[in-house]
Amino acid sequence: MAAGAATAGHQHHRHQQQHSDADAQKQQQAADKQAADKQAEKDRKKAEREKQLAKQKEDDAVVCNKRLYLGGLASDVSTKDIAGRFASFGKVAKVELQDKQAADGTRYAYVTLETTPASLKKCKCRMSIYNGTKWKGHALKIDEAKQHYLAK
């Protein structure tokens, strides 16, 4: 009987060990799945970042022309002044400073920028900031120019 009890005890111990091994295996599988899910999420985010960077590079490679209207210019503002003020938004392709003065002594101009979509977005943001600010004693009016009558 002692041999039978020992065998039963040994089988019970082996059964507990099998359960313990199965639990450890389940825990390891859960940990492996969690690690795989985490890696898949990292890979997905990395691919999304790379896609965004590629899109931004593509956008930065595209050059577009944008014509802006500037009003409220002081009589002593030059084309060089205007080009310098807008150079950070792209290449200033053309400045058309009008000689005609308004009743308040201000003039207006058109600026054509060769720019990228990213720089244009920055320009539009700055346009809203610059609009109404004083430059050489006069309040600036900045807006996207209406289609040039010659281009219609």
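No hydrogens, no waters, no symmetry mates; every other heavy atom, side chains included, goes into these values. What you see is a predicted model; the values in this text were computed from it and never measured.
Among pairs with a residue in residues 26-37, those fulfilling salt bridge (Lys or Arg N to Asp or Glu O under 4.0 Å) read Lys33-Asp37, at least two apart in sequence or across chains.
Scanning for side chain to side chain contact (heavy atoms under 4.5 Å, CB included) contacts around Gln98 gives Glu96, Tyr108, Tyr110, with sequence neighbours left out.
Residues Leu140 and Arg85 form a side-chain contact, since some pair of their non-hydrogen atoms from C-beta on lies under 4.5 Å apart. Here the side chains of Leu113 and Asn65 are not in contact, with every heavy-atom distance at 4.5 Å or above. Residues Phe86 and Thr112 have side chains not in contact (no heavy-atom distance under 4.5 Å, counting atoms from C-beta outward).
Arg44 has a carboxylate O that lies under 4.0 Å from a charged side-chain N of Glu41, or vice versa, which qualifies the two as a salt bridge. Remark: Lys66 engages Glu144 in a salt bridge, criterion side-chain N to carboxylate O under 4.0 Å.
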Using residues 70-83 as the side-chain source, report each donor-acceptor pair under 3.5 Å to any protein atom, sequence neighbours left out, with the distance given to one decimal.
residue	atom	partner	partner atom	Å
Ser78	OG	Lys80	N	3.3
Ser78	OG	Asp81	N	3.0
Ser78	OG	Asp81	OD2	3.3
Asp81	OD2	Ser78	N	3.0
Asp81	OD2	Lys136	NZ	3.0

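Residue-environment remark: CD (Gln29) exceeds the threshold of 12 foreign heavy atoms within 6.0 Å.
The CZ atom of Arg107 sits 6.0 Å away from atom CG of Asp99, with the distance rounded to the nearest 0.5 Å.
Shortest non-hydrogen contact noted between Gly132 and Ala139 is O-CB, 3.9 Å.
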